[in-house]
Amino acid sequence: MNMNGAGGNISGEGDYDSDEGEVFIDEDDVIHEIPIDEEELLDRDDEEMDSDVDYEEADDSFYVFKGHTDELYSVACSPTDASLVATGGKDDRGFMWKVGSQDSGLELQGHRNTVSTLSFSSDGQFLATGSFDGLIQVWDANLGKIKCTLEGSGGGIEWLKWHPKGHLILAGSEDSSVCLWNADKSISLNTFYGHASSVTCGDFSPDGKIICTGSDDASLRIWNPKTGESINVRGHPYHTDGLTCLSITHDSTIALTGSKDSSVHMVISSLVSHSDSVECVGVSPSSHWAATGSLDQKLIIWDLERSSPRCTCEHDDGVTCLLWLGMSRYVATGSIDGKVRIWDSLSGRCVRSLRGHVDVVQSLAVTADQSSLVSVSNDGTARVFSISEFK
């Protein structure tokens with residue numbers, strides 16, 4: 001472009017002041033005048049400042065762990081050390097870290113695929129991590145060193161649980177099998193076959209005498225852990241779609257299951273009130289109540305003795321996970337909208353909305369002293385919130 005042609009000359013007499021070093025434009029040079037509303041500019045500046053303030057204030061957590069490089073799926077808190085937390089995620093890594101510590105977490109290396117599940121033993125001595133690579137790694141929680149690696153039947157590990165009174169590990173697999181190991185001796189004790197699809201949920205009963213597992217084949221199976229025998233099978237007309245979650249009452253008498261078919265079932269009856277996939281279920285440790293969360297944006301509190309809902313807690317988006325807070329009447333939920341909420345199960349009222357995550361909350365755990373709630377999210381972070389007032 002020729003900058004010296006007609007109308008492009010910026011070096012003519014009177015246009016440039018060599019002493020001041022400034023460029024002046026004559027009125028004849030103005031092509032179009034654009035009016036500026038100074039009040040509008042001030043309003044926009046105020047709005048930008050307000051949005052910045054809102055963003056900075058929209059985090060109620062007091063500690064954030066950012067060691068992962070991808071989505072987080074699982075979190076566990078030590079039952080004996082109130083500061084010790086473990087997380088696992090899509091980046092094929094697990095971490096153990098101390099709440100409040102300025103040091104980076106201890107990376108739990110060795111898995112070759114997503115760390116989908118992890119859990120501390122009931123005495124806090126060991127941490128087990130399960131992965132879609134089909135392996136379970138057992139770590140000494142105090143030393144931060146690997147104790148042993150347990151190999152399943154080949155499929156990815158969907159979930160794992162420790163025996164309530166010992167060092168036995170139970171895990172469900174994508175290949176439809178359920179495996180049981182002795183972590184002290186690093187040996188396989190039994191493999192349970194019977195499901196026809198991925199085993200999506202399961203647990204020991206609180207007394208440790210039976211095993212319950214749920215599958216994407218829409219069935220619930222109850223097993224004898226010593227013999228491997230399936231002693232009870234609930235299929236059609238049980239759930240009509242895959243099971244997603246289960247929980248067993250503390251007297252080991254009732255198993256509750258949630259399903260993609262939007263229903264919640266007990267071994268003795270059914271609870272039907274949701275209208276979309278039931279993603280999480282939990283039994284209150286202090287009463288015969290249960291809580292279920294669904295993609296229909298509802299948390300429902302149930303009276304198990306009457307098989308009826310006590311109250312319904314409405315969310316802005318689907319409920320992905322829930323957790324009863326110790327022996328209290330409060331229930332925490334995680335949601336697709338990235339918020340963690342705390343609900344009073346007596347009134348159904350949301351008593352606290354905890355902000356900080358910017359993507360789906362996948363899992364919740366509470367520290368051993370019941371003073372902090374830890375959440376993990378698809379945003380790649382784990383956040384710690386103070387909940388001491390809800391003990």
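Just so we're clear, the structure is a prediction, and the values are computed from it rather than from any experiment. When a residue number appears, it is its place in the shown sequence, counting from 1.
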Which atom pair, heavy atoms only, marks the closest approach of Gly228 to Trp223? O-CE3, 3.5 Å
Check: Trp302 ring centroid to His288 ring centroid under 6.0 Å: no
Within the structure provided, determine whether Ile342 and Phe390 are in side-chain contact (heavy-atom separation under 4.5 Å). yes
Begin from the C-alpha positions of Thr381 and His357 and carry the test side chain to side chain contact (heavy atoms under 4.5 Å, CB included) through to its verdict. CA-CA 8 Å; Thr381 68; His357 289 299; 3.3 Å; yes
hydrophobic_cluster_shared for Leu170 and Ile187, side chain cutoff 4.5 Å: yes
Spell out, as yes or no, whether a donor-acceptor pair under 3.5 Å connects the side chain of Ser259 to the backbone of His239. no
Look only at the side chain of Ser205 and the backbone of Ser252, and say whether a donor-acceptor pair between them is shorter than 3.5 Å. no
Give a yes or no on whether the backbone of Ile336 and the side-chain of Thr320 come within a donor-acceptor separation of less than 3.5 Å. no
Pair Ser263, His274: side-chain N/O donor-acceptor within cut-off below 3.5 Å: no
About how many Å separate NE2 of His315 and OG of Ser294, when rounded to the nearest 0.5 Å? 10.5 Å
Determine whether the side chains of Thr80 and Ser78 contain a donor N or O and an acceptor N or O closer than 3.5 Å. yes
Side chain to side chain contact (heavy atoms under 4.5 Å, CB included), that's the test. Do Phe126 and His167 meet it? Break it down for me. CA-CA 8 Å; Phe126 298 121; His167 292 159; 3.4 Å; yes
Examine distances only and state if a side-chain atom of Thr244 and a backbone atom of Gly258 form a donor-acceptor pair shorter than 3.5 Å. yes
Taking Trp343 for its side chain and Tyr330 for its backbone only, find out whether a donor-acceptor pair lies under 3.5 Å. no
Compute the ring centroids of Phe62 and Phe385, then answer whether they are less than 6.0 Å apart. no
Is it true that the side chains of Ser277 and Glu279 contain a donor and an acceptor less than 3.5 Å apart? yes
Transitively linked via ILVMFWY side-chain contacts under 4.5 Å: Phe192 with Ile231? no
Hey, is the main chain of Ser186 close enough, under 3.5 Å, to the side chain of Trp181 for a donor-acceptor pair? no
Would the distance check show the side chain of Trp289 and the main-chain N or O of Arg329 forming a donor-acceptor pair, the cut-off being under 3.5 Å? no
Are Leu256 and Ile300 connected, step by step, through hydrophobic side chains (Ile, Leu, Val, Met, Phe, Trp, Tyr) whose heavy atoms are closer than 4.5 Å? yes
Measure across Val85 and Cys77 and return the closest heavy-atom pair with its distance rounded to 0.1 Å. CG2-SG, 4.1 Å
Does a side-chain heavy-atom distance below 4.5 Å link Cys321 with Val361? yes
Can you list the steps and then say if Met96 with Thr87 is a side chain to side chain contact (heavy atoms under 4.5 Å, CB included)? CA-CA 7 Å; Met96 274 198 297; Thr87 55; over 6 Å; no
Under 6.0 Å from the ring centre and within 45 degrees of the ring axis: does the NZ or CZ of Lys161 meet both conditions for the six-membered ring of Phe204? no
Donor-acceptor contact below 3.5 Å, side chain Lys391 vs main chain Asp369: yes
Heavy-atom distance under 4.5 Å between the side chains of Ile210 and Asn224, does that happen here? no
Is there side-chain contact between Tyr73 and Thr114, with at least one heavy-atom pair below 4.5 Å? yes
Below 6.0 angstrom between ring centroids: does that apply to Tyr63 and Trp97? yes
Are the side chains of Val319 and Ser335 in contact, using a 4.5 Å heavy-atom criterion? no
All pairs passing side-chain hydrogen bond (donor to acceptor under 3.5 Å, both in side chains) where residues 171-180 contributes a residue, at least two apart: Ser153-Asp175, Ser153-Ser177, Ser173-Asp175, Asp175-Ser177
Could you walk me through whether Asp59 and Arg383 pass side chain to side chain contact (heavy atoms under 4.5 Å, CB included), step by step? CA-CA 9 Å; Asp59 188 352; Arg383 304 187 107 81; 2.6 Å; yes
With a 3.5 Å distance limit and no angle check, can you tell me whether Asp91 reaches the backbone of Thr69 through a side-chain donor-acceptor pair? yes
Give the minimum heavy-atom separation between Ile248 and Cys212, together with the two atoms involved. CD1-SG, 3.9 Å
How about Glu151: does its CD atom have over 12 heavy atoms from other parts shown lying under 6.0 Å from it? no
Heavy-atom pair of closest approach, residues Ala141 and Phe120: CB-CE2, 4.0 Å
Derivation and outcome, salt bridge (Lys or Arg N to Asp or Glu O under 4.0 Å), residues Asp379 and Lys66: CA-CA 10 Å; Asp379 65 12; Lys66 298 181 179 179; over 6 Å; no
Hey, what do you get for CZ (Phe95) to CG (Leu118), rounding to the nearest 0.5 Å? 12.0 Å
Would you say that Thr257 contacts Val278 through its side chain, given a criterion of any heavy-atom pair below 4.5 Å between the two side chains? no
Here the gap from Ile169 atom CD1 to Cys148 atom SG, rounded to the nearest 0.5 Å, amounts to 6.5 Å
With a 3.5 Å cut-off and no angle check, do the side chains of Asp317 and Gln297 form a donor-acceptor pair? no
I need the minimum non-hydrogen distance between Ser219 and His195, along with the two atoms involved. OG-ND1, 3.1 Å
Hey, are Asp81 and Lys98 close enough for a salt bridge, meaning a charged N less than 4.0 Å from a carboxylate O? yes
Is there a side-chain contact between Leu299 and Leu322, using heavy atoms and a 4.5 Å cut-off? yes
Is the shortest distance from a Lys or Arg side-chain nitrogen in Asp184 or Lys147 to a carboxylate oxygen in the other one below 4.0 Å? no
Looking at every non-hydrogen atom in both residues, tell me the closest pair between Gly130 and Leu160 and how far apart they are. N-CD2, 3.5 Å
Taking atom CG of Asp92 and atom CG of Asp133, what is their separation to the nearest 0.5 Å? 8.0 Å
Regarding Ser286 and Ser284, is there a side-chain donor-to-acceptor distance under 3.5 Å anywhere? yes
From Arg310 CZ over to Ser287 OG, what is the distance, rounded to the nearest 0.5 angstrom? 8.5 Å
Do Leu295 and Val360 belong together in a cluster built from hydrophobic side chains that touch within less than 4.5 Å? yes
Asp344/Arg349 ion pair, N-O < 4.0 Å: no
Quick test of your reading of the model: are Arg221 and Asp217 salt-bridged, counting only N-O distances below 4.0 Å? no
Are the side chain of Ser372 and the backbone of Ser386 linked by a donor-acceptor contact shorter than 3.5 Å? no
Between Lys260 and Asp216, is the closest basic N to carboxylate O distance under 4.0 Å? yes
In this structure, would Tyr193 and Ile222 fall into the same cluster of hydrophobic residues linked by side-chain contacts under 4.5 Å? no
Can you check whether Thr117 reaches Ile157 side chain to side chain, under 4.5 Å on heavy atoms? yes
Drop me the distance from Asn142's CG to Leu127's CG, to the nearest 0.5 angstrom. 11.5 Å
